[in-house]
Amino acid sequence: NTFRGQAAIEWLRGHAARALFGSEAEKEKNQQLSRSVALLLGQKLLAVGVFRQVTGSLTKPLEDPNALFRFHEDEKEGPLLNCRSIWFQNAREPLLVVSELLY
């Protein structure tokens, strides 16, 4: 269960835009975050441990086309492969989480 950094950046460009702009992004199918903002958001997610680097460049991992990453949750041990933990706290608004990561 790994993914490439460049794929994560492209995913963030579209999905984070919808989290930030809501229904406006839905109207504008082409509205995406700039690559540099998505890269910054990806670097912040990597830094706080949402996912970790498995292989690839140590200097610019998210820009390395061969770098692989894995979500932290996919590494937890349990009786089943890829057990997920249950979140018992209230969820925060996506816009708030993204703004905290970017600033």
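- Considering only heavy atoms from C-beta on, Val48 stays 4.5 Å or farther from Lys44 through its side chain.
- Remark: Leu46 pairs with Phe51, Pro61, Phe69 by the side-chain contact (heavy atoms from CB on, under 4.5 Å) rule, at least two apart or across chains.
- Checking side-chain atoms of Asp64 against main-chain N and O of Gly56 turns up no donor-acceptor pair under 3.5 Å.
- Contact of the Leu62 side chain with the Gln6 side chain is not registered, since no non-hydrogen atoms from C-beta on lie closer than 4.5 Å.
- Here the straight-line distance linking atom CZ of Arg4 with atom CG of Asn66 works out to 6.0 Å at 0.5 Å rounding.
- Atom CD of Glu63 and atom CZ of Arg35 lie 6.0 Å apart (nearest 0.5 Å).
- Counting only heavy atoms from C-beta outward, the side chains of Thr2 and Thr55 never approach each other to under 4.5 Å.
- Taken from CG in Leu39 to CG in Leu12, the straight-line distance is 9.5 Å, to the nearest 0.5 Å.
- Under a 3.5 Å cut-off, the side chain of Arg52 and the backbone N or O of Phe71 do not form any donor-acceptor pair.
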